[in-house]
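Numbering starts at 1 and runs along the sequence shown.
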Amino acid sequence: MSIKGTEEGIMENETEERGDESSMKSFLWHGGSVYDAWFSCASNQVAQVLLTLPYSFSQMGMASGVVLQILYGFMGSWTAYLISVLYVEYRSRKEKQNVNFNNHVIQWFEVLDGLLGPYWKAIGLTFNCTFLLFGSVIQLIACASNIYYINDKLDKRTWTYIFGACCATTVFIPSFHNYRIWSFLGLGMTTYTAWYLTIASLVHGQVEGVTHSGPTKLVLYFTGATNILYTFGGHAVTVEIMHAMWRPRKFKYIYLLATLYVFTLTVPSAISVYWAFGDQLLTHANAFSLLPNSPWRDAAVILMLIHQFITFGFACTPLYFVWEKVIGMHETNSILLRAVTRLPVVIPIWFLAIIFPFFGPINSAVGALLVTFTVYIIPSLAHILTYRSAYSRQNAAEKPPAVIGGWRGAYVVNVVVVVWVLVVGFGLGGWASMTNFIKQVDTFGLFAKCYQCPPPRPHH
């Protein structure tokens, strides 16, 4: 059955059984249920960030770390809810005009364009694409950073070349429906890694003379805070995941449920690694680098590698869609033709990963300069502006929940999110993470061959 057939199933007629496919293939490949969206959200939210959260905790101390995780987790769920509301609004307005989305994947910038006009489209597109671009870069850097702990015969830069070539194969995966088995596995992998980090640290016990001096410097404090903001800002792909659901309206609670599950992974692992190693984490952005060698650790590294490959696909797929729309290939049916036209997207990502191999600091920089706008500020402002007239509020496809106090409550929450994120995330966070980032460039240099590697062992 052609891909076209897959994408036609997006409309809300779930009753239609597609009898011509083997049940196994549809189980693994075509996902569009609520559970799929939950798996996609949860597995997409935590990947390599798990490994850098203890580093953030060492910068900001235990209490702040936990509080900010919870704060940003709920803030992230709120803006994901806003994005889903705006999506449903856009779609219902368009469907009243009899627009058909059979072979077309709706993206966030199109929602902004439809509701607020071309300027918003341009802003949304710029931030989103830059964010996804660097998101993909971070996945590549993380691959090289992790595998080095299994095999240090090659330096991290060489590993980046190798993984860049592997990740280029994601051009063959047509759309988010086809990620079903992957997001399921991905979640299993991060769950294993999180519990491995927790248990291994507890078994290892505290290092001799462990100190927990954080927070000491403002620069470090806000760098850590921004990395946490980045953790819960995984929903630049929210709209595409939602479009891949058979019933997009159910999406609004899913993100919250995914976040609650993610807390069970991020909080215990960050606390226990920080408890065991304390201030050593300040110079070890990757938690794997401190834990002793063991088959368990190797398993965790390998699982994280596979998961990063999947996340790379998640971050890149919307970029492929944008690129296809730009050159007019988005409605093509041939997988091969699409794959070839997608290649120019992969090459700059590969190049950037080789220039800036600073795993950890780059997360914070992306968090402060891109995630703040893409994920927190733009959706909140868009929601305020879309529903500014009484008419639009009466005819809203989805009204704010009574729990937060209807329209007025929603307005207050939006304003708070915008102000908080502008000041703390973009202002202070931007200053701190850029200062930190520049320090890494001064210390290690661009095109660093092996970032934060231990000195080579003498050969006997």
Any [X] side-chain heavy atom under 4.5 Å of [Y] side chain:
X      : Y      : answer
Trp108 : Leu86  : yes
Leu218 : Trp431 : yes
Thr79  : Ser380 : yes
Val424 : Leu229 : no
Met434 : Leu369 : yes
Ile83  : Tyr255 : no
Trp120 : Leu381 : yes
Thr52  : Tyr230 : no

When you look at [atom1] of [X], are more than 12 heavy atoms from neighbouring residues, nucleotides or ligands closer to it than 6.0 Å?
X      : atom1 : answer
Lys325 : NZ    : yes
Tyr261 : OH    : yes
Phe263 : CZ    : yes

Measuring from atom [atom1] of [X] to atom [atom2] of [Y], what distance do you get when rounded to the nearest 0.5 angstrom?
X      : Y      : atom1 : atom2 : result
Thr341 : Tyr320 : OG1   : OH    : 10.5 Å
Ile354 : Ile349 : CD1   : CD1   : 12.0 Å
Leu385 : Leu116 : CG    : CG    : 6.0 Å
Asp113 : Leu125 : CG    : CG    : 10.0 Å
Thr198 : Leu50  : OG1   : CG    : 8.5 Å
Leu352 : Ile138 : CG    : CD1   : 11.0 Å

Is the backbone of [Y] close enough, under 3.5 Å, to the side chain of [X] for a donor and an acceptor to pair up by distance?
X      : Y      : result
His307 : Thr190 : no
Arg297 : Phe288 : yes
Ser289 : Asn286 : yes

So, for [X] and [Y], which heavy atoms are closest and what is the spacing to 0.1 Å?
X      : Y      : answer
Ser269 : Ala194 : CB-O, 3.5 Å
Ala270 : Leu53  : CB-CB, 4.1 Å
Thr372 : Phe426 : CG2-N, 3.7 Å
Tyr72  : Ala225 : CE1-O, 3.8 Å
Ala287 : Pro54  : CB-CG, 4.1 Å
Val210 : Trp275 : CG2-O, 4.1 Å

Parallel under 30°, tilted from 30 to 60°, perpendicular over 60°: which one fits the rings of Phe373 and Phe127?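 Parallel: the ring planes of Phe373 and Phe127 meet at under 30°.
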Kindly assign one of parallel, tilted or perpendicular to the pair Phe163 and Trp159, based on the angle between their ring planes and the thresholds 30° and 60°.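 Plane angle between 30° and 60°, so tilted.
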Under the side-chain contact (heavy atoms from CB on, under 4.5 Å) criterion, do Met75 and Phe232 qualify, and how do the steps go? CA-CA 8 Å; Met75 253 198 203; Phe232 293 100; over 6 Å; no
Any donor-acceptor N or O pair under 3.5 Å, side chains Thr259, Ser77: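 Side chains of Thr259 and Ser77: pair found under 3.5 Å.
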Using distance alone, with no hydrogens and no angle criterion, decide if Gln69 and Thr266 have a side-chain donor and acceptor under 3.5 Å apart.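 The criterion, which ignores hydrogens and geometry beyond distance, is satisfied for Thr266 and Gln69.
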Start with the C-alpha gap between Thr223 and Asn227, add the side-chain angles, then the distance that decides, and say whether side-chain contact (heavy atoms from CB on, under 4.5 Å) holds. CA-CA 6 Å; Thr223 308; Asn227 188 33; over 6 Å; no
Test Leu291 against Phe277 for side-chain contact (heavy atoms from CB on, under 4.5 Å), laying out the working first. CA-CA 9 Å; Leu291 288 161; Phe277 299 102; 3.8 Å; yes
I'd like to know whether Leu303 forms a side-chain contact (heavy atoms from CB on, under 4.5 Å) with Leu185, so could you lay out the CA-CA distance, the side-chain angles of the two residues, the decisive distance to 0.1 Å, and finally the verdict. CA-CA 9 Å; Leu303 290 178; Leu185 291 174; over 6 Å; no
Can the ring centroids of Tyr81 and Trp78 be said to lie less than 6.0 angstrom from one another?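 Yes, they do, as the ring centres are separated by less than 6.0 Å.
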